[in-house]
There are 2 protein chains.
Amino acid sequence: MTEDQRLGWREVRDTIHDWILSGRYGAGDKLPRDADIAGDLDCARSTVVRAMQDLSDAGVVDRRRRGGTRVRPDPVVRATLDIPITRAEIEGKGGRYGYRLVRQARALPPAPVLEAVGWDAPHEMLQVEALHLSDNVPHMFEDRWISLETAPEILSVDLAVQNANEWLVLNKPYSRFEVRFYAVAADPRLAVLMQVAEGAPMLVIERTTWIAEQPITTVKSVARPGFQLLSRS
Amino acid sequence: MTEDQRLGWREVRDTIHDWILSGRYGAGDKLPRDADIAGDLDCARSTVVRAMQDLSDAGVVDRRRRGGTRVRPDPVVRATLDIPITRAEIEGKGGRYGYRLVRQARALPPAPVLEAVGWDAPHEMLQVEALHLSDNVPHMFEDRWISLETAPEILSVDLAVQNANEWLVLNKPYSRFEVRFYAVAADPRLAVLMQVAEGAPMLVIERTTWIAEQPITTVKSVARPGFQLLSRS
DNA sequence: GAGTGGTCTAGACCACTGA
DNA sequence: CAGTGGTCTAGACCACTCT
């Protein structure tokens with residue numbers, strides 16, 4: 001007598017995923033109600049809910065109240081990236097962390113910054129340019145703009161000593177953020193600062209954070225050539 | 001009489017998050033047991049568990065059986081990226097999708113590919129080079145290597161007609177994947193294929209998938225200059 | 001208005017793992 | 001081996017939103 005164990009939510013998830021991969025339910029098709037799946041697989045509805053949560057997080061299905069659960073028509077690969085504090089990243093690789101403030105000034109933000117933070121009209125912000133070093137070699141250059149409305153306290157921080165990145169992480173929790181990745185060629189100034197050849201390809205990580213729909217900071221971080229972002233799963 | 005509503009899991013999560021942000025619990029500190037938090041906040045333990053799940057997913061806390069829940073010592077920004085099927089991405093932006101097979105050959109993989117898939121000794125694989133076009137303009141170039149052990153059926157697919165990317169997505173589910181992002185300069189051959197200047201900075205997305213610890217495919221996709229990957233939250 | 005997912009609860013047992 | 005998180009259950013009510 002082969003008495004099956006009661007299914008765990010991972011098994012339920014994999015079973016439903018198999019239904020989709022096998023073509024039993026195709027792109028856009030509606031899956032049975034949670035309660036029916038629970039009945040079929042002999043488990044509680046909450047177990048199905050937990051499984052569906054995972055499939056939904058992974059981009060496999062779409063769930064709507066009243067509308068049911070559907071196979072997502074455009075499958076995506078969903079990758080989760082950890083972007084560490086730069087100091088932790090360098091020290092984690094065994095490097096000695098160094099920091100150098102390049103420039104700091106109150107100024108009206110240029111158009112790309114306005115667009116990033118979502119402002120129509122310019123308000124004065126604090127611009128901070130800084131270098132992060134690993135064993136005295138430039139590792140990352142950051143061009144940061146900080147809102148004086150949501151983070152006025154930044155003006156009383158000595159940014160030659162304290163890293164704006166870390167001060168903000170510790171003192172300015174955010175409710176929403178956005179990240180962009182793209183490649184640029186090193187312009188003459190960046191080439192000198194980062195000690196790389198002019199035109200060298202560099203990975204850019206742009207991050208903007210908001211609290212209650214008000215921007216806190218936007219930063220463009222340019223990484224030294226050879227730098228990679230990694231995501232596993 | 002201000003009678004508080006019973007807390008939902010998001011409120012429980014935010015409350016705990018506030019404890020951390022306010023410094024009441026610092027990096028590495030142990031938080032109370034779930035059951036105690038549930039008692040303090042007057043909700044069920046499962047509500048606390050749901051909240052903690054979210055904080056754990058977001059990289060804010062570490063949870064261990066018997067070891068309790070601790071504030072993660074190295075805060076990270078955790079970003080979720082959707083990497084769409086290239087066809088869907090182009091059509092989603094209103095472009096007309098085009099595909100061109102550049103080269104296809106059985107070969108022994110070079111060292112970087114071996115390293116990506118985690119093999120010690122080379123086995124023969126299928127190499128496929130292809131271009132994805134948007135309105136006849138090169139959008140992305142992919143250099144793909146496919147395992148003939150886990151995906152032998154690929155040999156009977158006409159890759160001049162059917163896109164390897166899409167065939168694999170539909171036919172080869174994977175259990176694990178890895179993604180890397182970095183920047184490269186266009187070499188002469190790539191410059192011609194992508195119709196860009198030699199040395200142009202390009203974003204590379206490298207993906208490898210495995211099923212049950214056996215590699216299926218690894219692909220290096222080079223995107224046209226100006227391409228951005230975006231992540232919101 | 002009615003059907004479906006979203007969430008909460010109280011309780012139970014299991015599975016790790018640190019003391 | 002005992003304490004903590006991980007998971008499952010059965011039931012209830014709520015909140016969307018489609019018809």
Side-chain angles (χ1 to χ4, degrees), chain A residues 3-17 19-20 24-73 78 80 233, chain B residues 3-17 19-20 24-73 78 80 233:
Chain A
E3 173 103 10
D4 281 355
Q5 279 284 349
R6 210 58 169 284
L7 297 178
W9 70 265
R10 291 157 198 282
E11 296 164 295
V12 170
R13 174 197 62 189
D14 292 344
T15 302
I16 297 170
H17 200 184
W19 292 349
I20 296 170
R24 174 161 164 190
Y25 295 95
D29 287 358
K30 187 148 120 182
L31 291 163
R33 303 156 43 210
D34 291 2
D36 290 344
I37 294 178
D40 288 352
L41 300 184
D42 186 33
C43 64
R45 177 163 76 104
S46 30
T47 304
V48 176
V49 168
R50 183 68 185 81
M52 286 296 197
Q53 219 177 69
D54 207 54
L55 290 172
S56 179
D57 284 349
V60 175
V61 300
D62 261 344
R63 279 162 78 71
R64 291 191 182 182
R65 285 176 173 164
R66 165 78 196 185
T69 303
R70 289 172 179 280
V71 179
R72 212 180 138 125
R78 191 157 286 180
T80 303
S233 166
Chain B
E3 173 103 9
D4 281 355
Q5 279 283 349
R6 209 58 168 283
L7 297 178
W9 71 264
R10 292 159 197 282
E11 295 164 295
V12 170
R13 174 198 60 189
D14 292 343
T15 301
I16 298 169
H17 200 182
W19 292 350
I20 296 170
R24 174 160 162 189
Y25 295 96
D29 287 358
K30 188 148 121 181
L31 292 164
R33 303 155 46 209
D34 290 1
D36 289 343
I37 293 178
D40 287 353
L41 300 184
D42 186 32
C43 64
R45 177 164 72 105
S46 30
T47 304
V48 176
V49 167
R50 182 69 185 79
M52 287 295 197
Q53 221 177 68
D54 207 54
L55 290 172
S56 178
D57 284 349
V60 175
V61 300
D62 261 344
R63 278 163 78 72
R64 293 190 182 181
R65 285 176 173 165
R66 165 79 195 184
T69 303
R70 288 173 180 279
V71 178
R72 211 180 140 128
R78 190 158 286 179
T80 302
S233 168

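Naming convention: chains lettered A, B, ... in sequence-line order (proteins, then strands); numbering from 1 in each chain.
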Earlier contact from the 5' end, DNA chain C, for B/R64 and A/T69: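 On the 5' side of the pair lies A/T69.
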What is the distance from CG of A/L41 to C1' of D/dC8, rounded to the nearest Å?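 Atom CG in A/L41 sits about 14 Å away from atom C1' in D/dC8.
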Nearest whole Å is fine: how far is D/dT17 P from A/R70 CZ?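 These atoms are roughly 15 Å apart.
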Among the nucleotides [options], which one has an atom lying closest to any side-chain atom of [X]?
X     : options               : value
B/T47 : C/dT9, C/dA15, C/dG6  : C/dT9
B/R65 : D/dG6, C/dA10, D/dA10 : D/dG6
A/W9  : D/dC8, C/dG5, C/dT7   : D/dC8

Establish, with yes or no, whether the OP1 or OP2 oxygen of D/dG5 is under 4.0 angstrom from a side-chain nitrogen or oxygen of B/R45.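 For D/dG5, neither OP1 nor OP2 has a side-chain N or O of B/R45 closer than 4.0 Å.
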Output yes when at least one side-chain N/O atom of A/R63 is less than 4.0 Å from OP1 or OP2 of C/dG6, else no.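 It does, given that an N or O in the side chain of A/R63 lies less than 4.0 Å from OP1 or OP2 of C/dG6.
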Going through the checks in order, is the side chain to side chain contact (heavy atoms under 4.5 Å, CB included) test met by B/V60 and B/R72? CA-CA 6 Å; B/V60 175; B/R72 211 180 140 128; 6.0 Å; no
Check against side chain to side chain contact (heavy atoms under 4.5 Å, CB included), A/Y25 and A/V61: CA-CA 11 Å; A/Y25 295 95; A/V61 300; over 6 Å; no
Under the criterion side chain to side chain contact (heavy atoms under 4.5 Å, CB included), I'd like the reasoning laid out for A/D34 against A/T69: C-alpha separation, chi angles, the key distance, then a yes or no. CA-CA 8 Å; A/D34 291 2; A/T69 303; 4.2 Å; yes
Classify the side chain of A/R66 versus the base of D/dC18 as yes if they form a donor-acceptor pair under 3.5 Å and no if they do not.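 When only heavy-atom distances are counted, A/R66 does reach the base of D/dC18 through a donor-acceptor pair under 3.5 Å.
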Report yes if the side chains of A/V12 and A/C43 come closer than 4.5 Å at any heavy-atom pair, otherwise no.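 Side chain of A/V12 against side chain of A/C43, heavy atoms only: contact under 4.5 Å found.
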Find which nucleotide of DNA chain D each of B/D34 and A/G8 is nearest to by heavy atoms, and output the residue with the more 5' nucleotide.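 Comparing both residues, the 5'-ward one is B/D34.
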